[in-house]
Amino acid sequence: MYPGKEVRMKKILMALALLVMPAAVWADVTIGEPAPNFTLKDTLGKEHSLSSFKGNFVVLEWVNTDCPFVKKHYDGGNMQTLQKKYTDQGIVWLAINSSAPGKQGHYAPAELNEIMKSKGSHATAVLLDSDGKVGQLYGAKTTPHMFVIDIDGKLIYQGAIDSIASADPADIAKSENYVTSALDAAKANKPVAMASTKSYGCSVKY
Amino acid sequence: MPGTPLKIGIHLVMQPGWHVYWKNPGDSGLPVSIQWALPEGFTAGEPQWPYPERLEVPPLMTYIFERDFFLPVTITPGQNLQDGADVPVKARLDWLVCAKECIPGHADVAVTLTAKRTPSAKTPLWNRYWAEIEPKLPVERSDWSITAHMEQSSIVLSLVHPARKTLTDVYFFAHADNVVNHAAPQTLMRTADGYRLTIPRSTLNGPADKIQGVVTAKESWDEAKHTGLAIDVPMSQQPAPLPIGPPPSSLSLALVLGFAFLGGLLLNLMPCVLPVISLKILNFIKHSADDRSRLRMHGIVFSAGIIAAFWVLTALLLFLQAAGHQVGWGFQFQSPWFLGFLAALFFVFALNLFGVFEFAAPGIAVPRAGGLSHSWASVFLNGVVATIAATPCSGPFMGTALGYSLSQPPAVTFAIFTMLALGLCFPYLVISMFPSLKNALPKPGPWMITFKRIMGLGMLASCLWILWVLMVRLEQPAHAAPSNPQHQETSSGIRWQPFSTDAVNAARKNSIVFIDFTARWCLSCKVNEFVALKNPAVVKKFEELAVTPFLADWTLKDDRITQALASYGKNSIPLYVLYAPGSDQPVFLPELLTPAIVIKALDNIKGN
């Protein structure tokens, strides 16, 4: 091969690689399978890896504070109460923001930290996923979208936060909270009855 | 009016850029919902949803309405109504309207209706809104036959129509939100009798016993221009039957015509044709000194004979198909008369080639001492006879071209067969047009006699072949039931199983499946079997990979095999189909096999 051809080949390969690289991979997680590992920075700049939480239950909560469905659970304190209740028991609660820059719900780390604090969030950490990689890895479609992982790192619940898909806070009291049900069942070593439901909310702003 | 249903419509108007959601909103959002507060005895029916638009914001897909949204609902009044009584109707509407952000909304609406003996006319406003949504209201049709199968990762909808109507831009909107992967593309494939839409499933566990929704297409389903077809069918848990035809847009007509021409050209090299054509060419070499115009005329008339014969065969084929018979190329081999005639023909050719006697019969080319045939009719018949002799053989490209013709109107089929005919007569035409080419050909000499003898042997072998087919055909009545692989291989060969769609579907769940579509009268098939499928290395590979081999014997008129061929988009043989375990995608092998091709294909399948 002449040097000219080689260089051209390299350029073509590089171009192809660039085309492929930025594309995040959309997956759909499976109940009963190990939850995919990830590492994200929180609003204070500290890194967290899912694998470091093995031995604890982990709840993942996809959040966008501007979305009316997230507001449904935050304005009345429902989400914060859940967060406090479970983190007090040693369960890890990670709130994940996958809004892309320029899209609704995206804030700079310090600002998001302030917002969550002002709402009284008791999440263990608020993680930033602005390139959407982890959201797409888990197949997170809405805010809120909840995932519960057991102490062995297996996914035991994914889907809606509760059973009534609406933006009306009055429906919270009437509905079954699927996260509570999943954690209660898992802690009693029982199978989770509603392990996979259709999540409701605003679309994640990838 | 008491007891007579009326319709009440809800109308929402949105600012540009904002949308509300369908009954299945898709990956996010909430549908528009109505809660009625009706007087005693009144009932509200299901709303009549027009089908929605798709809003794709990768990786998500939602089903929406923009600008205007109109939803009619049928209300059935109670029986005890006084004439002139006031009927208060209240409803609470809930919706989610989104642009970049979402705003949940609701409204309490009320209207007071008056009970009357006579129905009132529809208001112009109603007519206007109704007219806007009417084309998108799903309709039910009985001419399309829809079946649904649930497979491991997708739902397959088969859409069958007797007149093979065309559909493009097909999309299925599911009513339930946990059945279908909304964002994943749906693939449409043409089959012999309609279409097959493959829809990736949702990871959620939706209802598995039936499927409800709307199939939309660019074409309308009825004369009233409705573009949405209402579907409510049970879903089978069995995988969809084999039918997988060639994708509609992948083959352009030009390409297929090119294939047909090439196919015809290559047909010249097939064992049925080569002796006949070479005999003609030999004859030609001998008389190339004759005057040019005569030679050219010879070529043209011969070609005309070939083309005419092809046209007659095509017409017969189309006629039989239209009459409902399951026939494919080679259908004439079902008839013992034809087989007998062909055997006699080949025998006569062989005798001529051996020089046993110069039996001059209409159509048989006999090298004469005194120049080329004088009778144009005889030359024409030459062409016809050459075509008839060509029919047992089907070469590469021919199969694709013939299969394509299955799904086309008769005019296209004729065009394809004409190209095939042109390909077949091309070499002879060229030589007759440019006699100077003779200089490229070997000079006449004693070699011609040896050559003729070899060709004669070939013809004789073909003749014996046809006789064997004839014997088998006479032993069994037509329409013999399950295809019987009469030539059960010896223990040293591949252990073939009789072909059936069910058996193949069962087997391909967990093993590699190989299907050999063949027939006794198919010379190319037999050559392939001899060269490739009986090769010890290939047999060993079959055993090594635990391949389940199926033999689809088309010698007799087996309708199910004709249908199976059609489902692959073919109507001629040979055809070799490979499936990887658990796969829906058939892999086709070429029409000319070598051991290397088969082994490589098997290795590739195993690797995937």
Side-chain angles (χ1 to χ4, degrees), chain A residues 23-33 62 64-72 75 98-100 102-106 132-133 135-145 155 157-160 164-171 193-206, chain B residues 17-21 23-35 54-64 92-108 152-154 174-185 200-208:
Chain A
V25 176
W26 177 266
D28 274 308
V29 289
T30 318
I31 302 291
E33 295 294 309
W62 255 264
N64 166 0
T65 48
D66 296 328
C67 164
F69 295 90
V70 173
K71 287 185 188 170
K72 168 191 179 185
D75 289 355
S98 293
S99 293
K103 300 242 176 118
Q104 186 198 49
H106 180 264
K133 283 223 182 81
Q136 296 195 52
L137 180 66
Y138 273 75
K141 295 194 167 84
T142 61
T143 51
H145 193 147
L155 187 70
Y157 176 76
Q158 78 85 22
I164 299 183
S166 77
D168 186 356
D171 289 335
M194 300 291 287
S196 184
T197 62
K198 180 164 197 277
S199 68
Y200 70 85
C202 317
S203 54
V204 175
K205 311 295 180 208
Y206 288 110
Chain B
W18 292 81
H19 52 265
V20 291
Y21 294 86
K23 66 200 276 187
N24 167 9
D27 288 331
S28 64
L30 285 181
V32 176
S33 67
I34 311 173
Q35 277 167 303
R54 279 177 271 167
L55 177 64
E56 209 173 342
V57 182
L60 304 173
M61 168 81 81
T62 50
Y63 299 144
I64 60 154
R92 165 157 168 142
L93 302 177
D94 281 280
W95 64 79
L96 184 73
V97 66
C98 302
K100 286 219 170 85
E101 43 189 70
C102 288
I103 305 177
H106 65 92
D108 292 297
Q152 191 165 31
S153 55
S154 56
H175 282 177
D177 60 13
N178 53 4
V179 174
V180 154
N181 181 334
H182 306 113
R201 282 173 61 186
S202 162
T203 48
L204 301 163
N205 298 324

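All values derive from a computational prediction rather than experimental measurement. So that the names make sense, note that chain A is the first sequence line, chain B the second, and so on, each numbered from 1.
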Non-hydrogen atoms of chain B under 4.5 Å away: do they reach the side chain of [X], the backbone, both or neither?
{"X": "A:T143", "result": "neither"}
{"X": "A:K72", "result": "neither"}
{"X": "A:C202", "result": "both"}

Original post:
Does the side chain of B:W18 reach to within under 4.5 Å of the side chain of B:E101, using non-hydrogen atoms?
Top reply: yes

**OP:** Answer yes or no: is there a side-chain heavy-atom contact under 4.5 Å between A:D66 and A:K103?
**Re:** no

**OP:** Indicate whether the side chain of A:T142 and that of A:S199 have a donor and an acceptor atom separated by less than 3.5 Å.
**Re:** yes

Subject >> Donor-acceptor side-chain pairing of A:S166 and A:Y200 below 3.5 angstrom >> reply: no

Original post:
Is it the backbone or the side chain of B:C102 that comes under 4.5 Å from a heavy atom of chain A, or both, or neither?
Top reply: both

**OP:** Please determine, among B:D94, B:V57, B:N205, B:L96, the option with the most heavy-atom pairs under 4.5 Å with chain A.
**Re:** B:L96

Original post:
So which of B:A183, B:S33, B:S28 has the largest heavy-atom pair count under 4.5 angstrom toward chain A?
Top reply: B:S28

**OP:** Quick one: list whatever passes side chain to side chain contact (heavy atoms under 4.5 Å, CB included) with B:D177, sequence neighbours left out.
**Re:** A:K198, B:N24

